[in-house]
2 protein chains.
Amino acid sequence: MVQKSNPPEPRLPPEGEAPPEAKRRGRPRGYDPDVAVRQATATFWDQGYAGASLDDLSAATGMNRPSLYGAFGDKQTLFRIALDRYMDESRATMIQAFRAGGTLREALARVYQAALSRYLSGDVGGRGCFLVSAGLGQAVVDPVVRQTVADGLHELDRGFERLFSRAYEHGELPPGTDHAALARVAGVMVNALSVRARAGETRQQLEATITATVDLICGPRVSE
Amino acid sequence: MVQKSNPPEPRLPPEGEAPPEAKRRGRPRGYDPDVAVRQATATFWDQGYAGASLDDLSAATGMNRPSLYGAFGDKQTLFRIALDRYMDESRATMIQAFRAGGTLREALARVYQAALSRYLSGDVGGRGCFLVSAGLGQAVVDPVVRQTVADGLHELDRGFERLFSRAYEHGELPPGTDHAALARVAGVMVNALSVRARAGETRQQLEATITATVDLICGPRVSE
DNA sequence: AGGTTTTTATTCGAAATGGTACAAAAATCA
DNA sequence: TGATTTTTGTACCATTTCGAATAAAAACCT
């Protein structure tokens, strides 16, 4: 019987989480799966799914195509892995920014700055948010990606909702304020930063936009 | 000497602007260049530059590949044409929305609604803004596209600047308001709508976001 | 050392892709 | 009608692309 040969199960962490230095059996890998995914992610990030050929990915990771396939499965699977990993990283830093306390103004600025420095990373200029720059393109074609991206945005929105809800309860917003509406505006603004970063705006411009947004939401900073 | 055979000059309007029914010489075209570009635009819009194959474009326009090439030049040229045409159309409706008068609140709502209905058009669900959804991907690779997209965003920003500047002068904003900062926030919010539309949010959700934004900028609507 | 296991490197192949050559088709002009 | 002009349709070509088959390489185990 002819096997249909589905994309192999990617098995990223050979075991555990920390350095699994437990003597692996065969020939040792010539690459670090973690950095390889990171490099593949960068390639997709810059060039998009369709724009990134397997040769591009191969060059970026230093792995040849059979190794790529063996390690991560086909291109679609690799993209999903890249997306998941991006989300994990992004979630981690965002949660930190949300939770670090301080005034609403401080928290907002922290969150925007965290997003921005991610969006401006990379050596081809601003890349924006992976979800937006690469994810939304592939979402049209891959339902898994579509769902993951939607979840990611929703998660972000929830973060802002909680932030504004707490701020409201702590009296940081005038009584009667529609804090849910404020949270929505604050949340989508992150996506706007992604677009503008990708469009080549400078950090200065983007930070001015952040300041303007924060001032609009929290009221302009009063000096002394 | 071997000719390098550059992409042919696309000659869209055979002459004039209105129906150029001036008896063309050879076999008549089997397509309308204007709707063909529109269909090609839709394909790029949904699938991006790299994701749209010439076969896709051929199917969408009903033209076979040689006709496509003869009429518009190579794929890159066709994309630039699609981008230019999108900008022209978009500019036209946006200028209308900006100029139609009324209060700042009304003008803002009109502009956002105009953008939104464009972003939600199409049969694959929300497509967002062509500049953002397709343009920014190709901008990495094609400097002409990069410049055009940057110009488009800048033009949008200018529209908001003028709107807010006028509103300020007419006393629609509290004295001392940093109307330039407000204009920047209002402008990038259009891009946020594009992202969220593409991510599959419903018209209701997006309109709620618009309302929240307008209320934040103009102050909540006072009933009677 | 010999066997086992896993990864790497070379190579291949089928399909898709962007682009083109060329003749047939469909109109006008003389 | 026949010549001319322009567009269309078929077929073709070179390259790229994704994926896989296969054997060599590099480690461990006994």
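Here is how names work: the chains are called A, B, and so on, in the same order as the sequence lines, proteins then strands, and each is numbered from 1.
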Side chain of B/Tyr31 only, please: which of D/dA20, D/dT8, D/dG19 is the nearest? D/dT8
Nucleotide C/dG19, atom C1' - distance to CG of B/Leu78 in whole Å: 14 Å
Rounded to whole Å, CG of A/Asp56 lies from P of D/dT15 at a distance of 19 Å
Atom CZ of B/Arg29 and atom C1' of D/dT5 are separated, to the nearest Å, by 13 Å
d(NZ, A/Lys75; P, D/dG19) in whole Å: 8 Å
Closest approach of B/Met94 to B/Ala115 (non-hydrogen atoms, all atoms of both residues): CE-CB, 3.7 Å
Which whole-number value in Å describes the distance from B/Leu54 CG to D/dA11 P? 19 Å
When rounded to the nearest 0.5 Å, the distance separating CG of A/Leu163 from CZ of A/Arg110 is 8.5 Å
On DNA chain C, does the nearest nucleotide to B/Tyr49 precede the nearest nucleotide to B/Arg27 from the 5' side, or the other way round? Give the residue. B/Tyr49
Can A/Ser53 and A/Asp56 be counted as having a side-chain donor-acceptor contact under 3.5 angstrom? yes
Residue whose closest nucleotide on DNA chain D lies nearer the 5' end, B/Ser67 versus B/Gly26: B/Gly26
Can you tell me if the side-chain N/O atoms of A/Tyr69 get under 4.0 Å from OP1 or OP2 in D/dC18? no
Does a nitrogen or oxygen in the side chain of B/Arg25 sit under 4.0 Å from OP1 or OP2 of C/dT28? no
Using only side-chain N and O atoms of B/Arg24, determine if any of them is under 4.0 Å from OP1 or OP2 of D/dT7. yes
Expressed in angstrom and rounded to an integer, what is the separation of B/Asp55 atom CG from D/dT10 atom C1'? 14 Å
d(CZ, B/Phe79; P, C/dG18) in whole Å: 14 Å
Could you check whether A/Phe44 and A/Phe130 have their ring centres less than 6.0 Å apart? no
Do the side-chain N or O atoms of A/Asn64 get closer than 4.0 angstrom to the phosphate oxygens (OP1, OP2) of C/dA9? yes
If every non-hydrogen atom of A/Tyr31 is compared with every non-hydrogen atom of A/Met63, which pair is closest and at what distance? CZ-CE, 3.5 Å
Nucleotide D/dT8, atom C1' - distance to CE of B/Met63 in whole Å: 10 Å
Can you identify which nucleotide, out of D/dA26, C/dA27, D/dG9, has its nearest atom closest to the B/Pro66 side chain? D/dG9
